[in-house]
Protein chains: 2
Amino acid sequence: MEEGTSNSPSDCCSTERDYDIHQWDSREECEVRQILDRIADKWSLLVIALLEKRTLRFTELRKSIDGISQRMLTTTLRQLERDGLIERTVYPVVPPRVDYALTELGCTLHETIKALVVWTETNQAKIISARRSYDERASEKLW
Amino acid sequence: MEEGTSNSPSDCCSTERDYDIHQWDSREECEVRQILDRIADKWSLLVIALLEKRTLRFTELRKSIDGISQRMLTTTLRQLERDGLIERTVYPVVPPRVDYALTELGCTLHETIKALVVWTETNQAKIISARRSYDERASEKLW
DNA sequence: AGCTTTGGTTACAATAGGGAACCGAGGATT
DNA sequence: AATCCTCGGTTCCCTATTGTAACCAAAGCT
């Protein structure tokens, strides 16, 4: 028996468009969840953001995303290709040359990713100070 | 010696705002990368999206996000709290009651997250068909 | 007295990710 | 002509993150 689950809604947000929340219920059935999982991967985000500028080769991507391993870059690129977000072009030359470019679908996704990155850049100071004060409060309580 | 890295830029995208890409170079130094990593976590996204509707209790969140473990929900909520995106309110009653709500900062983030979710819902059919054709092509080549 | 409920924590198993070495094909170097 | 180099991977192995399950406290209900 639930004693009052209908609490005061957070009043700083306006619920403009009512996109389905209960859709995320089932892990296997919900395709939106699956696709979000892929997009919400840190490497995918970076790759898409980089490819918006121009077509890049494998090694160019690897240099631009410091910290990514060759294996993870390969995996990420394959997944993005499978999802139709990027296009892989192989030139049968030696040494091999492989170009990666955003597809049209990938470009539309990039628009929203860009918003995310811009948000992060805009609000990073707030987040950093929030972390600092949280850590301070935590260490006070510990005492 | 690079033989022509200045390729034809992907012409389906317009480079409106020139947000820095080389910032992502160094893993430790770049705070934007760190913050993006947190946001681009699948559980965080879902929690923020759910909390936009209204304040929720721990168990309500757990029920809404099918597949999340109690441990991961706790971890995710703590991280979001530390980043100043959600607010945790404990009522000293028995059984315990803990409410989670988006902060104002969290609400601004939600705007862009919503765009991402809407994009996913809009384009899921395209992605699913892209995956299907990719898998078909892959199995052909395997033969 | 014992079971239930909420919101966790802890210990342990599974899985995903990172590091480094290797590979293949041909062109350049010695 | 044997070796080295480049690019774009793949493979193996080990660590780090995630998931699973069990446990906990504290009061209420039966």
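In what follows, every chain begins at residue 1, and chains take the letters A, B, ... in the order their sequences are listed. Because the structure is predicted, anything quoted here is derived from the model rather than measured.
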- request: Measure the distance from CZ on R62(A) to P on dA20(C) and round it to the nearest whole Å.
  value: 12 Å
message: Side chain of R71(B), heavy atoms from C-beta onward: which of dG18(C), dG19(D), dC7(D) has the nearest atom to it?
response: dG19(D)
- prompt: Between dG17(C), dT6(C), dG26(C), which nucleotide gets closest to the side-chain atoms of P95(B)?
  reply: dT6(C)
message: Within the supplied structure, the quantity of interest is the number of heavy atoms (other residues, nucleotides, ligands) at a distance under 6.0 Å from E87(A) CD; does it exceed 12?
response: no
- prompt: Is a side-chain N or O of T103(A) found less than 3.5 angstrom from the main chain of G84(A), in a donor-acceptor match?
  reply: yes
query: How long is the line joining CE of M72(B) and P of dA13(C), in whole Å?
result: 19 Å
task: Calculate the interatomic distance between K42(A) atom NZ and dG18(C) atom P; express it in whole Å.
output: 5 Å
statement: Taking dG9(D), dG18(C), dG8(C) as options, the one with an atom nearest any side-chain atom of W43(A) is dG18(C)
- request: Specify the separation, in whole Å, of atom CD of Q79(B) and atom C1' of dT18(D).
  value: 12 Å
message: Does dC7(D) have its OP1 or OP2 closer than 4.0 Å to a side-chain nitrogen or oxygen of Y100(A)?
response: no
message: Any side-chain N or O of R57(B) below 4.0 angstrom from OP1/OP2 of dG7(C)?
response: yes
- line: note: R78(A), atom CZ; dG8(D), atom C1'; distance rounded to Å ~ 9 Å
statement: Separation of dC7(D) atom P from R88(A) atom CZ, nearest Å, is 16 Å
- prompt: Quick one: which of dT6(C), dG8(C), dC12(D) gets closest to the side chain of F58(B)?
  reply: dG8(C)
field: Protein-nucleotide distance (Q70(B), atom CD; dG7(C), atom P), rounded to Å
entry: 9 Å
Closest-nucleotide 5' rank along DNA chain C - winner of T74(B) and V94(B): V94(B)
query: Does any N or O in the side chain of D41(A) come within less than 3.5 Å of the main-chain N or O of S44(A), such that one atom is a donor and the other an acceptor?
result: yes
task: Taking Q79(B) for its side chain and T76(B) for its backbone only, find out whether a donor-acceptor pair lies under 3.5 Å.
output: no
- request: Might you work through the salt bridge (Lys or Arg N to Asp or Glu O under 4.0 Å) test for R137(A) and D135(A), ending with a clear yes or no?
  value: CA-CA 5 Å; R137(A) 269 176 285 137; D135(A) 292 345; over 6 Å; no
- prompt: Quick one: is R97(A) getting a side-chain N or O under 4.0 Å of the dG9(D) phosphate, OP1 or OP2?
  reply: no
- line: Quick note, S69(B) side chain, CB onward, closest among dG17(C), dG19(D), dA26(D) is dG19(D)
field: Out of dG24(C), dG8(C), dG18(C), whichever nucleotide has its closest atom nearest the side chain of P96(A)
entry: dG24(C)
query: Can you tell me how far P of dT6(D) sits from NZ of K63(A), to the nearest Å?
result: 10 Å
